[in-house]
S.K.: 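Below is one structure. I have some questions about it.
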Amino acid sequence: MGATIKDIAELAGVSPATVSRVLSGQSDFYSEKTARRVHRAAKKLGYQKNTSAVELVTKTSKTIAVIVSSTQTNFADQIIDGIQEQAMQKDLNVIILYAGEKNAKLQKRALETVIERSVLGILLVAIDLDPSNDNLLRLANIPFLFLSICFRNHRFPFISSDDFKIGYQATTYLIEKGHVKIGFAAADLESFTGQLRLAGYRRAMDEYQLPTSPDWVSDGDFAYEDGVLAMKQYGEETQLTAVIASSDLAAIGILNQAQAFNVKVPNDLSVVSIDGTYLCNIVRPRITSVTQSFREMGIKGMQTLLGGKLDQFDLLYTGIGITERESVKRSG
């Protein structure tokens, strides 16, 4: 067994609390002579610092926990970059845990792992929390904030894009390019996010008095395979002239299946994706997107979490905008 704080205290002739303060850098509570004695004792005993134990003794933490919905999420890295930037400025550490995709058991395991450790706060990235885990999070007495997801009736505090506006802006952009038969692919209709985007799509179509059809909307889960399935649903002789994909991955699925059908993008079919990550630039044609400000979400998430007063915080929308590339052509 390794040396403990108690062992160091006995060798240095000080209290365990003093050892904890010395090792955690709280310089206001002891003399330099005492600090040197503690460090000599720790070195002699081969002590390895147990961060969690020190944090529990000193009632402080320098760690932010980030729980991410899926290892396949292609925008999470930008959010985490924003979180990490702020953490470095504040001399904080970041730990990352994965909670699967809509998996209540994995969500619970991730939350329990975080709660058992001394953490300063929790940021949950694109986590559609199962209601069975609500109380586990709420009763943990740890500040938390959701990023890149919204909740019906503002069930939790969150920072996200305005998903209704995303659907509306993508549709309006295509309409202004002359398109009137527009599909919405891999919409994830079970999620509140998907429902809001679809509502924005329908609002734009209604405002321009354009017809819609249930066959033009496909369900899915933002995945590449859902884009492939959507294009198969539309068929190789589709009447659609444009499609909105719920994610960059779904858009690539549409592109590849369209190519298999010999449907040319954008000459035969225009495609707009939602997210605007690096994936839009590494395929051909490069994909026009409604681009979300993911790095900003991470930055503002950390600033909000560290700023306190989360009980007074409701929601915050970050910016979106159309990034034109090569996958859209004017119709008519």
Side-chain angles (χ1 to χ4, degrees), residues 51-52 55 60-104 106-152 154-163 191-193 222 275 277 292-320:
T51 302
S52 296
E55 289 172 350
T60 64
S61 175
K62 299 188 72 175
T63 301
I64 298 293
V66 179
I67 303 178
V68 183
S69 65
S70 171
T71 56
Q72 298 180 3
T73 303
N74 65 296
F75 58 76
D77 58 339
Q78 296 180 52
I79 296 177
I80 292 170
D81 282 348
I83 292 171
Q84 187 64 51
E85 174 189 302
Q86 293 297 301
M88 291 181 67
Q89 290 181 13
K90 301 294 184 180
D91 193 27
L92 299 174
N93 303 310
V94 175
I95 59 172
I96 301 172
L97 301 92
Y98 290 100
E101 187 67 37
K102 298 181 181 178
N103 188 318
L106 287 180
Q107 289 175 3
K108 182 180 180 182
R109 182 181 299 176
L111 285 170
E112 287 175 341
T113 300
V114 168
I115 292 167
E116 288 168 0
R117 180 187 173 95
S118 176
V119 298
L120 187 60
I122 306 172
L123 292 171
L124 302 100
V125 178
I127 298 285
D128 192 357
L129 195 68
D130 189 275
S132 65
N133 292 321
D134 282 10
N135 283 339
L136 179 62
L137 179 60
R138 285 196 174 104
L139 299 177
N141 198 30
I142 300 172
F144 66 87
L145 183 65
F146 285 79
L147 303 179
S148 189
I149 192 167
C150 57
F151 292 97
R152 195 185 307 274
H154 304 168
R155 172 170 143 227
F156 292 116
F158 65 84
I159 296 176
S160 173
S161 301
D162 185 332
D163 287 295
S191 73
F192 189 44
T193 295
F222 309 124
D275 283 345
T277 68
Q292 301 191 64
S293 303
F294 292 117
R295 186 181 181 88
E296 183 186 1
M297 287 183 200
I299 291 172
K300 290 189 178 298
M302 276 290 286
Q303 291 173 343
T304 302
L305 190 69
L306 298 177
K309 299 182 179 179
L310 277 170
D311 55 334
Q312 301 173 23
F313 180 80
D314 190 1
L315 61 89
L316 174 65
Y317 291 134
T318 49
I320 61 170

S.K.: How far does CG of L147 sit from OG of S161, to the nearest 0.5 angstrom?
M.R.: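 If we round to the nearest 0.5 Å, L147:CG and S161:OG are 11.0 Å apart.
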
S.K.: Testing the basics here: between D77 and N74, what is the closest heavy-atom pair and its distance to 0.1 Å?
M.R.: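 Reported closest heavy-atom pair: OD1-O, 3.3 Å.
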
S.K.: Got Q86 and I64 here, is their nearest side-chain heavy-atom distance under 4.5 Å?
M.R.: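 With C-beta onward as the side chain, the pair stays apart.
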
S.K.: D162 versus I320: any side-chain heavy-atom pair under 4.5 Å?
M.R.: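 Sidechains of I320 and D162: no contact.
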
S.K.: Could you list the residues that satisfy ring-ring contact (aromatic ring centres under 6.0 Å, His included) with F151, not counting sequence neighbours?
M.R.: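 Listed in chain order: F146, F156.
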
S.K.: Using 0.5 Å steps for rounding, measure from the OG atom of S160 to the OH atom of Y317.
M.R.: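 Interatomic distance, S160 OG to Y317 OH, rounded to 0.5 Å: 7.0 Å.
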
S.K.: Please walk me through it: do R117 and I95 pass side chain to side chain contact (heavy atoms under 4.5 Å, CB included)?
M.R.: CA-CA 11 Å; R117 180 187 173 95; I95 59 172; 3.9 Å; yes

S.K.: Name the one of I67, I127, L97 that satisfies side-chain contact (heavy atoms from CB on, under 4.5 Å) with Q107?
M.R.: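 Of the listed residues I67, I127, L97, the side-chain contact (heavy atoms from CB on, under 4.5 Å) partner of Q107 is I127.
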
S.K.: At their closest point, which heavy atom of G121 faces which heavy atom of I142, and how far apart are they?
M.R.: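 Reported closest heavy-atom pair: CA-CG2, 3.8 Å.
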
S.K.: With a 6.0 Å cut-off (strictly less than), is the heavy-atom count around NZ of K108, excluding the residue itself, greater than 12?
M.R.: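 No - once you tally the heavy atoms of other residues, nucleotides and ligands closer than 6.0 Å, there are 12 at most.
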
S.K.: Working to the nearest 0.5 Å, report the span between OG of S148 and CD1 of I159.
M.R.: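 Interatomic distance, S148 OG to I159 CD1, rounded to 0.5 Å: 11.0 Å.
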
S.K.: Do S132 and D130 have side-chain atoms, one donor and one acceptor, less than 3.5 Å apart?
M.R.: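 Yes, side-chain donor-acceptor contact under 3.5 Å.
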
S.K.: So do L111 and L129 actually touch side chain to side chain, heavy atoms under 4.5 Å?
M.R.: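 The answer is yes, as the side chains (C-beta and beyond) meet within the 4.5 Å cut-off.
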
S.K.: What distance separates T277 OG1 from Q78 CD, expressed to the nearest 0.5 Å?
M.R.: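 Reported value, rounded in 0.5 Å steps: 6.5 Å.
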
S.K.: Rounded to the nearest 0.5 Å, how far does CD of Q84 lie from CG of D81?
M.R.: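 Atom-to-atom, D81:CG and Q84:CD are 8.5 Å apart.
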
S.K.: Identify each donor-acceptor pair in which a side-chain atom of residues 293-308 lies under 3.5 Å from a protein atom, sequence neighbours left out, and give them as a table.
M.R.:
{"unit_1": "S293", "atom_1": "OG", "unit_2": "G319", "atom_2": "O", "d": "2.8"}
{"unit_1": "R295", "atom_1": "NH2", "unit_2": "E85", "atom_2": "OE1", "d": "2.5"}
{"unit_1": "T304", "atom_1": "OG1", "unit_2": "K300", "atom_2": "O", "d": "2.7"}

S.K.: CG/N133 to CZ/R109 distance, rounded to the nearest 0.5 angstrom?
M.R.: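 Atom-to-atom, N133:CG and R109:CZ are 12.0 Å apart.
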
S.K.: Can you find a pair of side-chain heavy atoms, one from L123 and one from I79, that are under 4.5 Å apart?
M.R.: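 They are not in contact (no side-chain heavy atoms under 4.5 Å apart), so the answer is no.
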
